[in-house]
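Below is one structure, written out as structure tokens, with a few remarks after it.
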2 protein chains.
Amino acid sequence: MPEAPDPTLPKPRSYDDLCARIRERRERLPARLAQVANHMLMHPDEVAFGTVATVAGAAGVQPSALVRFAKALDFDGFSDLQAVFRDRLRGRLPEHRERLRRIQEAEGEHGPLRLLERFEEAAQLSLDRLGGSVDEATLAHAVALLARADTIYILGLRRAFPIAAYLAYALAKLDLRSVLVDHVGASGPEQIVGARAGDVLLAVSFTPYTPATVELANAFAQGGRPVVAITDSPFSPLAQAAAARFDVAEADVAGFRSLSATFCLAAALAVATAERRARDGSDRPAEAWAPVQGPAARA
Amino acid sequence: MPEAPDPTLPKPRSYDDLCARIRERRERLPARLAQVANHMLMHPDEVAFGTVATVAGAAGVQPSALVRFAKALDFDGFSDLQAVFRDRLRGRLPEHRERLRRIQEAEGEHGPLRLLERFEEAAQLSLDRLGGSVDEATLAHAVALLARADTIYILGLRRAFPIAAYLAYALAKLDLRSVLVDHVGASGPEQIVGARAGDVLLAVSFTPYTPATVELANAFAQGGRPVVAITDSPFSPLAQAAAARFDVAEADVAGFRSLSATFCLAAALAVATAERRARDGSDRPAEAWAPVQGPAARA
DNA sequence: ATCCGGATGAAACATCCATTCCATTTGGGA
DNA sequence: TCCCAAATGGAATGGATGTTTCATCCGGAT
């Protein structure tokens, strides 16, 4: 048997580790296995999506050669190696798959401390995903909108309310004028009625979307006023009205979504807006901020 | 057979097409299929790499529902639909690498994306620290107190208010009776005056401690009623009144503390309390649940 | 020339997969 | 209240998958 050089050795977990190990062993590799190495490094996408049969066919080798190759690199088998290629493609750290699996396995387990751990893991997962999912252009656009608003209206009900409350607190700390639309006494419509043309609504809502949030956001947008939405999918009912939209995918435990990633985004938006406004305020005194939306840009 | 609306119609070939078609048919989709749509849009990576079984499990539906969903969207089957998710991931790598590189290069910079990154790091740090700092005995004690309370009073003002709001939401979802002491109109004292002997106050406060929070917590404890405190040091003014205390050390960016760790703790407390009460409730059928009014419901 | 251990190809295998089918439930109209 | 159609859950099924096994091939040492 072509046994693994050292089965106890940790197998490569990231694509970069994998490349390093291949380089390191390439000399010692049998001819056919070196051929496999070449092909894989040259067509990583194909490896990520293909099956043993298709990859072997494309590389011009037998399926078993792939398995041997994987084992020569201290993997358990082809699938194990393939996981590295897949993780590379989804732009995540490789340990997440493992982490998620453990969370799901321990699903039945109880104990408050274990529960806490699971929430921690869910939060970590959400945070990692956030990094890859936020687009710089969207972020810049949202910050520009918020920075030139005279007043920022903040809307988030039910599960999203903690986020809204946090935003209100943070914006106030940053000397940015805001109105927390808390919808007390169903007075949401009255709370946003004072918004002017340059004002912005920062709306937060997740599945199941609170109808009031959607209605208020639509009403706000009706007047041509921009809405920045923090939600969870392109099909959120907030998407239509939103001039800028963030989709935050939060992991959940026992039906409770983490809010960690959303909070990070909220905090970043708040601080970035303050910085942007400070910069613009000093660069150009008033007026210059117009051209994003319609008439009557505010300073 | 629930046949496809129009099998001759070209199926979506790009991810954007797919999104459009889902949006277009969302209204007409049966409940379970809409659930599938939501899950897929929110976890596109998992769909790309997962199998029918894993995706169905994660979405909480039967495998057959996935196939039905795919066919409702004019695909041949799940695999056909999955191909769209895979194509979406193909060739995305450069973009991601580029982004990472830019973020790392811009170490000193202040762009919004870099800001987000820093908040993420702060949250990660806080989460890591939380794991080591929570004592199992304290946790168990707190959960025991909360579980046998008739009503849980929740108190957190200013920066801690989002946590309090979240707790109120979570406890309600879990069918645990709670009162959010929001101190509207400075009515905090009136809001807690109804608390009975077995009730518990869950108080949250961080430096600089809001005086009202401290006063209300002390007043609550005066009546011999237990206080569970989430705060940030043994010298917190909440420490004295607390029957159980958690010290959460959150990292901060630009003067803004992360709240991620605190949220995890809050969520864990809520769910653990619900589980504990369910267990006690089933162990001792009637009585343990009944004494909603009476003093000192015991478990 | 012969032997031998690693390397290789090809088929066999058990497992897992996507899909289909059918019994049951659900919900709205007569 | 009943009825019918749509929707749903769950098991059955045929096919494809990753892995293992084994016979053969090759190259170097004796």
Side-chain angles (χ1 to χ4, degrees), chain A residues 1-7 11 22 25-40 43 46-87 97 101 104-105, chain B residues 1-7 11 22 25-40 43 46-87:
Chain A
M1 170 164 68
E3 78 187 310
D6 184 357
K11 54 198 168 198
I22 291 178
R25 299 205 182 154
R26 169 163 301 185
E27 304 305 324
R28 270 168 282 167
L29 242 36
R32 201 46 52 101
L33 264 45
Q35 178 183 344
V36 170
N38 272 326
H39 183 265
M40 284 197 175
H43 307 282
E46 186 190 299
V47 178
F49 292 118
T51 69
V52 170
T54 62
V55 176
V61 301
Q62 289 291 325
S64 48
L66 296 192
V67 178
R68 279 192 209 108
F69 175 73
K71 297 204 170 183
L73 263 37
D74 304 317
F75 290 96
D76 296 341
F78 174 77
S79 308
D80 200 24
L81 179 150
Q82 192 181 38
V84 173
F85 283 83
R86 295 188 162 185
D87 285 334
R97 168 183 296 269
R101 197 181 52 74
Q104 284 169 350
E105 268 181 6
Chain B
M1 172 165 71
E3 76 186 312
D6 184 357
K11 55 198 168 200
I22 292 178
R25 303 210 178 149
R26 159 156 309 202
E27 304 305 324
R28 271 167 283 163
L29 242 39
R32 201 47 50 106
L33 264 45
Q35 179 182 345
V36 171
N38 269 322
H39 179 85
M40 285 197 173
H43 308 281
E46 301 307 320
V47 177
F49 291 118
T51 69
V52 169
T54 62
V55 176
V61 302
Q62 289 290 328
S64 46
L66 296 192
V67 179
R68 271 195 276 271
F69 175 74
K71 298 207 168 180
L73 263 41
D74 304 317
F75 290 97
D76 296 341
F78 173 78
S79 307
D80 198 26
L81 180 152
Q82 191 181 39
V84 173
F85 283 84
R86 294 190 163 185
D87 285 340

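Letters go in sequence order (proteins before strands), and every chain restarts at 1.
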Next item on the list: Classify the nucleic acid contact of B:A65 as base, sugar-phosphate or nothing, counting any heavy atom under 4.0 Å across all strands shown.
Entry: nothing
Note to self: For A:A72 versus A:L33, what's the shortest heavy-atom pair and its separation?
What the structure shows: CB-CD2, 4.3 Å
Item checked: Atom-to-atom span, CZ of B:F49 to P of C:dC17 - whole angstrom -> 16 Å
Extract from the structure each pairing of a protein N or O with an N or O of nucleotides 23-25 of chain D at less than 3.5 Å, listing the distance.
none

Notebook entry, point to check: Rounded to the nearest Å, what distance is computed from the CZ atom of residue B:R28 to the P atom of nucleotide D:dA5?
Noted result: 22 Å
Margin query: Any non-hydrogen side-chain atom of B:V84 less than 4.5 Å from a side-chain atom of B:F75?
Written below: yes
Item checked: Sequence-distant partners of A:T51, side chain to side chain contact (heavy atoms under 4.5 Å, CB included), two or more places apart -> A:A53, A:T54
Next item on the list: Report the distance from atom CZ of B:F69 to atom P of D:dT8, rounded to the nearest whole Å.
Entry: 13 Å
Next item on the list: Would you kindly give the CG-to-C1' distance between A:L66 and C:dT8, to the nearest whole Å?
Entry: 13 Å
Notebook entry, point to check: Who passes side chain to side chain contact (heavy atoms under 4.5 Å, CB included) against B:H43, sequence neighbours left out?
Noted result: A:R129, B:H39, B:E46
Can you name the atoms? Protein N/O to nucleotides 24-28 of chain C N/O, anything below 3.5 Å, with the distance.
none

Checklist line | Qualifying residues under side-chain hydrogen bond (donor to acceptor under 3.5 Å, both in side chains), relative to B:Q35, sequence neighbours excluded | finding: B:R32
Notebook entry, point to check: For C:dT8, does either OP1 or OP2 sit under 4.0 Å from a side-chain N or O belonging to A:Q62?
Noted result: no
Checklist line | Any donor-acceptor pair under 3.5 Å from A:Q82 side chain to A:V47 backbone | finding: yes
Next item on the list: Summarise protein proximity over nucleotides 16-21 of chain D in one line of letters, 5' to 3': B for base, S for sugar-phosphate only, - for none, counting protein heavy atoms closer than 4.0 Å.
Entry: -SSBB-
Next item on the list: List the atom of A:F69, the atom of A:A37, and the distance in Å for their closest heavy-atom pair.
Entry: CE1-CB, 3.6 Å
Notebook entry, point to check: Does some side-chain heavy atom of B:M40 sit less than 4.5 Å from a side-chain heavy atom of B:I22?
Noted result: no
Note to self: Going by side-chain hydrogen bond (donor to acceptor under 3.5 Å, both in side chains), name the residues that satisfy it together with A:N38, two or more places apart in sequence or in a different chain.
What the structure shows: none
Next item on the list: Measure across B:P63 and B:V52 and return the closest heavy-atom pair with its distance rounded to 0.1 Å.
Entry: CB-CG1, 3.5 Å
Next item on the list: Could you tell me whether the side chain of B:R68 reaches within less than 4.5 Å of the side chain of B:V36, counting heavy atoms only?
Entry: no
Check: Starting at CD of A:Q35 and ending at C1' of C:dA7, how long is that distance when rounded to a whole Å?
Finding: 13 Å
